[in-house]
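A note on names: the letters A, B, ... follow the listed sequences, proteins ahead of strands, and every chain is numbered from 1. We use all heavy atoms of the structure for the numbers below, so side chains are in, but hydrogens, waters and symmetry mates are not.
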Amino acid sequence: MQNTQDTQNLPDERGRFGEFGGRFVPETLMSAVEELEREYIAAQADEEFQAEMRHLSEHFVGRPTSLYYAENLTNELGGARIYLKREDLAHTGAHKINNALGQGLLAKRMGKNRIIAETGAGQHGVATASICAMLKQECIIYMGEEDIRRQSLNVFRMKLLGAEVRTVTSGSRTLKDAINEAIRDWVSNVETTHYLIGSVVGPHPYPKIVRDFQSVIGREARGQMMSTVGRLPDYAVACVGGGSNAIGLFYEFIKDSSVKLLGVEAAGLGVETGKHAATMTAGEVGVLHGSMSYLLQDEHGQVTEAHSISAGLDYPGVGPEHSWLRDSGRAEYVSVTDSEALEGFELMCRAEGIIPALETAHAIYYLTKLAPTLSRDQIILMGFSGRGDKDMQTVAEALGVEI
Amino acid sequence: MANRIDTTMQRLKNAGKTALVPFVTVGFPDLDTSEALAQTILESGGDMLELGIPFSDPLADGPTIQMTSFRALENGANLRKSLEMLKRLRDKGVEAPLIFMGYYNPFLRYGIEKFLQASEDAGLDGIIIPDLPTEESAEFREACQIHGIHVIPLLAPTSPDSRIAEACKGAGGFIYCVSLTGVTGARQSLSSGLSDLVGRIRQHTELPVIVGFGISRYEHIQEIGQFADGAVVASALLDAIDKSPPEAVQDTARKFVRGLRGLNGESS
């Protein structure tokens with residue numbers, strides 16, 4: 001395994017995590033990503049920017065989110081103690097707001113008042129629309145037609161928040177195609193527009209910026225673990241689509257070699273069926289959306305369609321830092337099917353009185369495999385990435401209930 | 001052997017002509033027809049030809065090339081079949097410069113060295129990869145040089161002088177000047193500031209500068225000829241092919257390309 005100190009200092013100046021990452025975008029966008037990098041570095045050193053970020057994180061987003069000991073679940077599974085980092089309690093119901101706030105303020109700093117974003121589950125779209133309403137920015141959200149159908153509640157929320165939602169009908173009509181369309185918009189309007197990417201994907205510096213804004217999750221959780229339990233967890237577990245909530249949870253623990261990092265991908269109908277989104281379980285290294293990473297693709301290098309019951313995990317790529325953490329051995333990635341995720345979903349509702357997002361439910365299911373193999377003096381920290389209100393329609397359909 | 005792009009551009013320069021570089025997507029409207037189109041276009045006034053390699057996620061392209069790529073993939077087109085087509089075109093005696101234009105991932109997946117060896121054997125002259133900017137292409141350029149294939153960089157209205165200088169250093173064949181801040185697709189008029197952009201590029205290179213994106217008609221090419229060395233026409237040609245009845249596709253393409261040359265007594 002690589003030196004963990006090095007691992008935490010990535011990406012390098014070329015935006016690389018080992019061989020992963022980089023800047024594979026059209027020339028038209030290169031000056032914009034360079035500008036973004038310069039502005040981000042300047043903002044990090046700008047006390048006023050940092051103060052505004054802290055203020056809004058506390059009073060608009062509601063940070064810090066709580067660390068909750070899931071005692072019922074722990075007893076039911078009969079093994080390690082389970083702690084939940086409750087990002088579902090953040091404003092708009094998921095971790096996505098952390099990054100939307102940071103990038104929204106960055107756009108304001110750059111004088112770019114037109115914000116575009118992609119969304120899959122709609123959580124990033126809602127978070128972005130909220131921030132844009134608050135910061136008085138124009139907001140356009142690209143969303144695949146298929147996702148608009150299964151996440152209609154979030155579409156309505158975005159519209160209420162003043163965003164324009166543009167339907168994407170190309171390709172698989174899901175998250176990957178929404179990103180393509182957002183990039184095309186950005187190429188055409190780059191001088192006035194900031195592309196507020198929602199995950200740790202895209203060209204450098206996005207994977208770094210999004211990670212940094214999300215790393216508040218792990219930073220808080222680490223502090224909360226130390227003050228309430230007095231020690232670090234043995235495992236940090238989170239679901240992975242593009243991977244922003246997982247990186248947000250993992251990053252602070254990378255240097256703590258005793259903490260095992262475990263990412264849970266979506267196995268859809270089963271990895272063997274080909275209908276899945278388990279990028280690091282079944283993908284090959286390739287280039288999509290500006291960076292090199294593991295990618296679901298065919299023998300000719302065409303990107304294949306992902307499948308997951310959870311729109312937020314339905315993406316054929318993954319953030320380059322995850323590919324690096326995987327190949328360097330620092331993190332491990334497993335996968336959970338649609339039906340297993342539904343089991344995890346119901347379990348959390350029943351055991352703890354918390355309705356999770358379907359994305360989060362993938363990580364919950366994995367706890368049922370992991371926790372019983374461990375002893376009561378061991379601790380699992382799970383990133384509870386979002387709440388499940390948005391998924392009622394999908395879950396009802398899957399359970400054969402009409403609402 | 002001298003690269004065909006260099007000899008062709010020298011010949012056109014000596015003759016005082018603007019290079020016309022049409023584009024076809026390999027596999028659109030189907031594989032056989034696109035191969036025949038390549039020949040038709042080169043016989044009708046095209047000086048060089050770009051062969052578009054279809055990709056599932058063409059993020060720098062507008063609706064037309066998205067559509068042709070999608071249809072081409074449905075028709076089973078891929079990089080291997082593009083190389084086979086290239087080889088057949090050479091076997092049929094096509095001597096014009098042939099250039100691949102495509103996104104990076106299919107080349108990466110094929111294997112760069114294996115691809116370049118096959119390209120050299122088949123007679124490829126240049127390659128344009130819109131999602132491989134200068135800072136990511138150093139190794140690739142080095143490998144291409146060994147095989148005598150030019151890597152043609154794209155420069156855009158948003159490129160600062162520092163990036164123009166860097167891109168020109170590693171370039172071969174010509175510089176592809178993106179005429180507008182946007183995606184590919186036919187436009188009614190050329191964007192203002194285009195001749196200034198070409199002028200900025202010329203300060204950093206002796207290579208020919210060929211303009212692409214949005215160019216759709218004879219008048220555009222006449223205008224571009226005032227300050228640049230050539231023009232790429234893609235979406236407008238593909239739109240015409242798409243609208244044509246299947247049995248008249250070759251005739252449509254012939255008329256369209258001749259029209260771009262001002263040879264039909266009509267402009268499109």
Side-chain angles (χ1 to χ4, degrees), chain A residues 13-16 19 21-35 168-172 176-193 202-204 283-293 295-305 316-317, chain B residues 53-63 66-67 69-70 72-73 76-82 102-111 115 129-138 153-164 166-167 175-178 180-185 213:
Chain A
E13 70 284 358
R14 293 176 61 224
R16 296 288 186 137
E19 70 170 307
R23 271 184 178 154
F24 298 87
V25 287
E27 173 64 24
T28 303
L29 296 178
M30 284 302 291
S31 58
V33 294
E34 286 172 353
E35 179 195 10
V168 176
T169 56
S170 57
S172 59
K176 136 183 120 70
D177 309 284
I179 296 178
N180 289 340
E181 217 45 52
I183 292 175
R184 290 184 190 115
D185 180 316
W186 200 29
V187 167
S188 307
N189 301 292
V190 62
E191 276 143 25
T192 59
T193 300
H204 177 65
E284 304 276 350
V285 175
V287 167
L288 178 69
H289 296 149
S291 60
M292 185 174 287
S293 195
L295 181 62
L296 298 180
Q297 55 179 313
D298 69 12
E299 59 178 312
H300 301 294
Q302 306 299 339
V303 180
T304 52
E305 290 181 15
Chain B
I53 313 301
F55 181 50
S56 53
D57 295 83
L59 49 76
D61 284 301
Q66 287 178 48
M67 177 275 292
S69 299
F70 183 69
L73 291 174
N78 54 48
L79 184 54
R80 183 172 54 78
K81 290 192 173 164
S82 305
Y103 294 85
Y104 191 38
N105 198 56
F107 300 107
L108 199 60
R109 181 72 173 158
Y110 194 93
F115 161 71
I129 304 184
D131 59 347
L132 193 68
T134 309
E135 36 276 89
E136 298 291 355
S137 67
L154 294 125
L155 288 168
T158 53
S159 305
D161 288 340
S162 56
R163 294 192 54 79
I164 292 176
E166 203 53 43
I175 306 292
Y176 191 126
C177 172
V178 176
L180 49 83
T181 304
V183 294
T184 60
F213 282 44

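- When heavy atoms are compared at a cutoff of 4.5 Å, A:Ser170 approaches chain B solely by way of its side chain, counted from C-beta outward.
- For the pair A:Gln297 and B:Asn105, the tightest heavy-atom approach, listed with the atom from each and the gap, is OE1-ND2, 2.9 Å.
- In this structure, CZ in A:Phe24 is found 13.0 Å from CG in B:Leu59, a value given to the nearest 0.5 Å.
- In this structure, A:Glu27 contributes its side chain and B:Arg163 its backbone to no donor-acceptor pair below 3.5 Å.
- At a 4.5 Å heavy-atom cutoff, the contact between B:Pro160 and chain A is made by side-chain atoms alone.
- Of the two parts of B:Pro58, the backbone and the side chain both hold a non-hydrogen atom closer than 4.5 Å to a non-hydrogen atom of chain A.
- Only the backbone of A:Asp298 has a heavy atom closer than 4.5 Å to any heavy atom of chain B.
- Atom OG of B:Ser56 is separated from atom NE2 of A:His300 by 12.0 Å, given to the nearest 0.5 angstrom.
- For a residue to count as touching a neighbouring chain, one of its non-hydrogen atoms must lie under 4.5 Å from one of that chain's; by this rule B:Leu73 touches chain A with the side chain only.
- Interface remark: of the candidates B:Leu180, B:Leu155, B:Val178, B:Leu155 forms the most heavy-atom pairs closer than 4.5 Å to chain A.
- Residue contact with chain B, scored on non-hydrogen atoms closer than 4.5 Å, involves the backbone and the side chain of A:Val303 alike.
- In this structure, the separation between CG on B:Leu108 and CE on A:Met292 is 5.0 Å, given to the nearest 0.5 Å.
- Nearest heavy atoms, B:Phe55 versus A:Gly301: CE1-O, 3.3 Å.
- Rounding to the nearest 0.5 Å places OG1 of B:Thr184 at 8.5 Å from CZ of A:Arg184.
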**OP:** Please lay out, stage by stage, how A:Arg14 and B:Glu135 fare under the test salt bridge (Lys or Arg N to Asp or Glu O under 4.0 Å).
**Re:** CA-CA 8 Å; A:Arg14 293 176 61 224; B:Glu135 36 276 89; over 6 Å; no

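- With a threshold of 4.5 angstrom between heavy atoms, A:Ile179 does not approach chain B through any atom at all.
- Of the listed residues (B:Asp57, B:Leu154, B:Asn78), the one with the most heavy-atom contacts under 4.5 Å to chain A is B:Asp57.
- From B:Asp131, atom CG reaches atom NE2 of A:His289 across 10.5 Å, with rounding to the nearest 0.5 Å.
- Looking at every heavy atom in both residues, B:Val183 comes nearest to A:Ser188 through N-OG, 3.9 Å.
- Residues A:Gly22 and B:Glu136 come closest through the heavy atom pair CA-OE2, 3.2 Å.
- In terms of modelled atom types and a separation under 3.5 Å, the side chain of A:Ser31 and the main chain of B:Thr158 share a donor-acceptor contact.
- Heavy atoms only, all atoms of each residue included: B:Pro106 and A:Gln302 are closest at CG-NE2, 4.3 Å.
- In terms of heavy-atom pairs under 4.5 Å with chain A, the best-connected choice from B:Gln66, B:Met67, B:Arg80 is B:Gln66.
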